[in-house]
There are 2 protein chains.
Amino acid sequence: MEDTFESACKHGENIKKFQSEYNEETIVGMANILKILGEPSRMKIVLALSYGELCVFHIVEAVKSNQSAVSHQLRILKDNHIIKSRRDGQNIVYYLYDDHIMKILNLVKEHVEE
Amino acid sequence: MEDTFESACKHGENIKKFQSEYNEETIVGMANILKILGEPSRMKIVLALSYGELCVFHIVEAVKSNQSAVSHQLRILKDNHIIKSRRDGQNIVYYLYDDHIMKILNLVKEHVEE
DNA sequence: TGTAGATATGAACAAATATTCATATATCGG
DNA sequence: CCGATATATGAATATTTGTTCATATCTACA
């Protein structure tokens, strides 16, 4: 924050480009969605749902967790518009909100697998 | 974990596909990189560097933070191979490790901006 | 309508993590 | 070599967050 100081290196011109392209709101939004996905249990849920909708019991089975933990994570994913749900008899079926998320995750998978 | 129970819904076939395509290591790796990027201050640093290398002072300026906080985040980004650094006189210049990360972030930006 | 199955919720707890403050290290110019 | 600039590091703190446990809600069905 100390703007009275002038650094010796001369690479600062690009800062303005960055700041005009990305406002705080955009950055926080971008970070938020990655934070939501950046958790193994939630990541598993999303990846499992990418093969088709699942009821809670099957999600629990797929991600090898327990009902309560999964339910809490489903809520977070739903609140952040990554998944949606519908009732099907006694079950609540979850499915991906759109396929944009999977485009991102496919790139991430490529990146991890080098 | 209770595998004695059989759910009424019939959408479980896809679970095997998911589990064979993604092993634990891949998922944790994917989640980890998103967790690293899923933080506004680190996200800002990476986005700022996408316009070209910057020394620490200019990064501090770009992300409107302070030297110590930035330095800690730079370490995390470096340890996770998202950025690299080189010395240039008194300065340490940081730059992106590769352009794969920006492909991901460009998709994320699209997603956030709808 | 009462019971069992399916899912959600809330509080409590523990673990992870971002920030701050103080200080250490490293480089350069004189 | 010394002082100033530039960056890194470590400890302490405070906040966030994931999980667990217990319980509540809602639906189907007998």
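Letters go in sequence order (proteins before strands), and every chain restarts at 1. It should be emphasised that the depicted structure is a prediction, and the values quoted were computed from it without experimental measurement.
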Peer 1: Report the distance from atom CG of A:Asn91 to atom P of C:dA4, rounded to the nearest whole Å.
Peer 2: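 Going from A:Asn91 (CG) to C:dA4 (P), I get 19 Å.
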Peer 1: Counting N and O atoms only, with roles assigned by atom type, does the side chain of B:Gln19 sit under 3.5 Å from a partner on the main chain of A:Ala62, one being a donor and the other an acceptor?
Peer 2: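 Flag set: sc B:Gln19 to bb A:Ala62 pair under 3.5 Å.
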Peer 1: Look up atom CG in B:Leu34 and atom CG in A:Leu105, then write down how far apart they are to the nearest 0.5 Å.
Peer 2: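 Rounded to the nearest 0.5 Å, the CG-CG separation comes to 6.5 Å.
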Peer 1: Of the nucleotides D:dG18, C:dT7, C:dT19, which has the atom closest to the B:Ser41 side chain?
Peer 2: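 In terms of side-chain proximity for B:Ser41, the closest of D:dG18, C:dT7, C:dT19 is C:dT19.
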Peer 1: In whole Å, I'd like the distance from the CG atom of B:Leu34 to the C1' atom of D:dT17.
Peer 2: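 Between C1' of D:dT17 and CG of B:Leu34: 17 Å.
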Peer 1: Within this structure, what is the CZ-to-P distance between A:Arg75 and C:dT9, rounded to whole angstrom?
Peer 2: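 Whole-Å distance recorded here is 5 Å.
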Peer 1: Within the 3.5 Å criterion, strictly below it, is a donor on B:Thr26 or A:Lys109 matched to an acceptor on the partner's side chain?
Peer 2: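 Looking only at side-chain atoms, A:Lys109 and B:Thr26 do not form any donor-acceptor pair under 3.5 Å.
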Peer 1: Checking the side chain of A:Asn14 only, and the main-chain atoms of B:Tyr51 only, is there a donor and an acceptor separated by less than 3.5 Å?
Peer 2: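 Confirmed, A:Asn14 side chain pairs with B:Tyr51 backbone.
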Peer 1: What is the separation between atom CG on B:Asp79 and atom C1' on C:dT17, rounded to the nearest whole Å?
Peer 2: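 Rounded to whole Å, this separation is 15 Å.
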Peer 1: Have a look at A:Ile59 and say if it touches a base, only the backbone sugar-phosphate, or nothing, with a 4.0 Å heavy-atom cut-off.
Peer 2: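 No contact.
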Peer 1: Check every atom of C:dT19, C:dA8, D:dT20 against the side chain of A:Asn66 and return the nucleotide holding the closest atom.
Peer 2: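 Of all the options, the side chain of A:Asn66 is nearest to D:dT20.
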Peer 1: Looking at A:Lys44 and B:Glu24, does any basic side-chain N land under 4.0 Å from a carboxylate oxygen?
Peer 2: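 Result for this pair is yes, salt bridge flagged.
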Peer 1: Select base, sugar-phosphate, or nothing to describe what B:Lys35 touches, counting heavy atoms under 4.0 Å on all strands.
Peer 2: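 Sugar-phosphate, backbone atoms only, no base.
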Peer 1: Could you state the atom-to-atom distance from CD1 of A:Ile76 to C1' of C:dA8 in whole Å?
Peer 2: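 The distance from CD1 of A:Ile76 to C1' of C:dA8 comes to 13 Å, rounded to the nearest Å.
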Peer 1: What's the CD-C1' distance between B:Gln73 and D:dT7, to the nearest Å?
Peer 2: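 Taking CD of B:Gln73 and C1' of D:dT7, I get 15 Å after rounding.
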Peer 1: Relative to the ring of A:His100, is the ring of B:His111 parallel (under 30°), tilted (30 to 60°) or perpendicular (over 60°)?
Peer 2: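 Rings of B:His111 and A:His100: perpendicular, as their planes differ by over 60°.
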Peer 1: Hey, is B:His72 doing a stacking thing with C:dT19, by the 5.5 Å centroid and 30° angle criteria?
Peer 2: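 Stack criterion not met.
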Peer 1: How close or far is atom P of D:dT17 from atom CE of A:Met43, stated in whole angstroms?
Peer 2: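 A:Met43 atom CE is separated from D:dT17 atom P by 17 Å.
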Peer 1: Spell out protein contact along nucleotides 23-30 of chain D as letters: B when the base is contacted, S when just the sugar-phosphate is, - when no protein heavy atom is under 4.0 Å; keep the 5' to 3' order.
Peer 2: ---SSS--
Peer 1: Which whole-number value in Å describes the distance from B:Leu74 CG to C:dT19 C1'?
Peer 2: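 Computing the B:Leu74:CG to C:dT19:C1' distance gives 15 Å.
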Peer 1: Could you pick out which residue, B:Lys78 or A:Arg42, lies toward the 5' side of DNA chain D when each is mapped onto its nearest nucleotide?
Peer 2: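 Result of the comparison: B:Lys78.
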Peer 1: Look up atom CD1 in B:Ile59 and atom CD in B:Gln67, then write down how far apart they are to the nearest 0.5 Å.
Peer 2: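 Going from the CD1 atom of B:Ile59 to the CD atom of B:Gln67 covers 11.0 Å.
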Peer 1: Do B:Ser68 side-chain and D:dT9 base share a donor-acceptor contact under 3.5 Å?
Peer 2: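 Such a pair exists between side chain and base.
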